[in-house]
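Here's the structure, in structure tokens; my notes come after.
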Amino acid sequence: MTTPALLPLSGRRLPPLNLGASAFPHHRATLRLSEKFILLLILSAFITLCFGAFFFLPDSSKHKRFDLGLEDVLIPHVDTSKGGKNLGGFLIHGQGHDEHRHRWVEEEERLRNKIRADHEKALEEAKEKLKKSRDEIQAEIQTEKNKVVQELKKKDSKPLPPVPLPNLVGINSGEPADPDIREKRNKVKEMMKHAWDNYRQYGWGHNELKPIARKGHSTNIFGNSQMGATIVDALDTLYIMGLHDEFREGQEWIDKNLDFSVNSEVSVFEVNIRFIGGLLAAYYLSGQEVFKIKAVQLAGKLLPAFNTPTGIPWAMVNLKSGVGRNWGWASAGSSILAEFGTLHMEFVHLSYLTGDPVYYNKVMHIRKLLQKMDRPNGLYPNYLNPRTGRWGQHHTSVGGLGDSFYEYLLKAWLMSDKMDTEARKMYDDAIEAIEKHLIRKSNGGLTFIGEWKNGHLERKMGHLTCFAGGMFALGADGSRDDKAGHYLQLGAEIAHTCHESYDRTTLKLGPEAFKFDGGVEAVAVRQNEKYYILRPEVIETYWYMWRFTHDPKYRQWGWEATQAIDKYCRVSGGFSGVKDVYSSSPTYDDVQQSFFLAETLKYLYLLFSNDDLLPLDNWVFNTEAHPLPLRVWSISEE
Ligand code: DMJ
């Protein structure tokens, strides 16, 4: 759906500068509803008053009956000195009865007068209201509404404690000296511009873009919200690439339009890695406070998801009501390991920036709970029930449903400047079990990571699992028993296998999942595993391997992927995923995923940049490729 503000003025569509409530028709509907509700309230109050006046205003007969009953009723009192008997705050009459009766009559009279006066006042007010024109009443309602909105805004934008922005290294152009590499890098930047410009023109404010239909797109991870996921996810890539005008447009939209008080059920994990991660990275890179403020506001909306009997958060939360629940498809109502286990980095930064330990405590509570649990074969199952605290099905994966949990254990250690040895130990233990039970070599000599399902190994690897090559390389330094060489080698082997999965296709783009079974090696077998949706994981691993080895083959492989994406996924309205990487005439899925701008293009750009742009000694990338500074605490103290 295109907002009216996007209509062209002179052939060229302009980004909206000031989208008011009119850009959110569902808001308008809500406001109209509440106006009707208020009018209805006034009317019903008036009817109630008339009704009340009829029954309660004193007439002599009622008065008499009331007086007559006095000797028999229970009078609220606690004075037992006059011979009465106190029964739970009530006095049953005995002696001293006359004096009490006198006081009671006076009190009764006072109350009657007050009720009468109140009713008359309310009647007068209601009459006055009804004398007013519809417009006057509406104006009054609007004023009241504005007051409420202002109050809410004040509450939402509580000033944050002043935390000095640390002096961060590695925010530079990273321009390579080699003209060939520079050209490749420029090509990636041009692709970013194509993706962004089309989103701006056709999908602005929506979460994602349909590049063929040329309109906005969204999925259930964002509920029914229109929170500009692509804008938030792309910001830091724009900044790093020096696309400053585009960055400013994004900032302006976020400042004016990004609103989290929406009645929408979103994925806690996705909102954390894309929105909170994206906003925090944009804040650290640019120093613009608005990003920090928005990140903190949003984090507050995610906190109710942790209100479960165990403190393991629900997968989804309604941003307005705070009600949480889990995905219907997850084993026995479970939460997902890769979802509740991928909050640590962002939440630790939130506690640092706000001075509020609540975020830190939430993620440390999850860690403590996991530490206490038995692990079948030392492996973490993908499913954990947040009500019972028990594992669901014993499936383990380093790809979907498990992946970034392992990644965040390693990165928790890195971001703490290697102080968080507890996280490193959990990572080392987990990786040892994974190597023992999940990692195998195929007949053709390709190292792959399979999936553990109900006691046996499925010899299938997902595109998502390919990120692990980079993770092994990143974790090599500091590994147990000084096995750095071994883990770097393992990273290289995974990178090789994943490159093969690309190379063995017609389009030179990787399938979603590929097998090592029945004579098949690194090839997708089922039709529904042959798609490529602009995912980053293989390129992510190339980049980490490039940083740690400087082996030129990683740049070569990255360039092959760049060309294939440009050739087969580029359409005039942006970039689209393809449904079959083995077909020479592929069909499009018509989605430009926000992670294409956040991750795929960023990793490609970094692959063709100098290492002093965001060096890994100073920055840790969250699972959506949003760079967060490490040692930020000690940097601030320096
Ligand atoms: C991204 O959103 C993140 O990398 C996440 O961890 C899993 N994969 C998608 C992109 O493929």
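Counting starts at 1 for both ligands and their atoms, following the listed order.
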Ignoring hydrogens and angles, tell me if any N or O in the side chain of [X] forms a donor-acceptor pair with the backbone of [Y] under 3.5 Å.
{"X": "S351", "Y": "V348", "answer": "no"}
{"X": "K215", "Y": "K210", "answer": "no"}
{"X": "D236", "Y": "L285", "answer": "no"}

Legend entry - Residues in side-chain hydrogen bond (donor to acceptor under 3.5 Å, both in side chains) contact with S479, at least two apart in sequence or another chain: none

Legend entry - Side chain to side chain, I273 and Y408, heavy atoms closer than 4.5 Å: yes

Inset, instruction - Write out the residue and atom name of the closest protein heavy atom to atom 4 (O) of ligand 1, then the distance separating them to 0.1 Å. - result: T623 O, 2.8 Å

Legend entry - For atom 2 (O) of ligand 1, closest protein heavy-atom neighbour: E624 OE1, 2.6 Å

Legend entry - Atoms of ligand 1 close to P536 [distance to a heavy atom under 4.0 angstrom, numbered from 1]: 10 (C), 11 (O)

Inset, instruction - List every atom of ligand 1 that sits less than 4.0 Å from any heavy atom of L464, numbering the atoms from 1 in the order shown and giving each element. - result: 7 (C), 8 (N), 11 (O)

Inset, instruction - May I ask you to check if ligand 1 and D403 share an N or O to N or O distance below 3.5 Å? - result: no

Inset, instruction - Please work out whether any backbone atom (N, CA, C, O) or any side-chain heavy atom from C-beta onward of E599 is under 4.0 Å from ligand 1, and answer side chain, backbone, both or neither. - result: side chain

Legend entry - Under-4.0 Å heavy-atom contact with ligand 1, by part of E537 that carries it: side chain

Legend entry - Stepwise side-chain hydrogen bond (donor to acceptor under 3.5 Å, both in side chains) test for Y202 and H217: CA-CA 10 Å; Y202 301 117; H217 168 80; over 6 Å; no

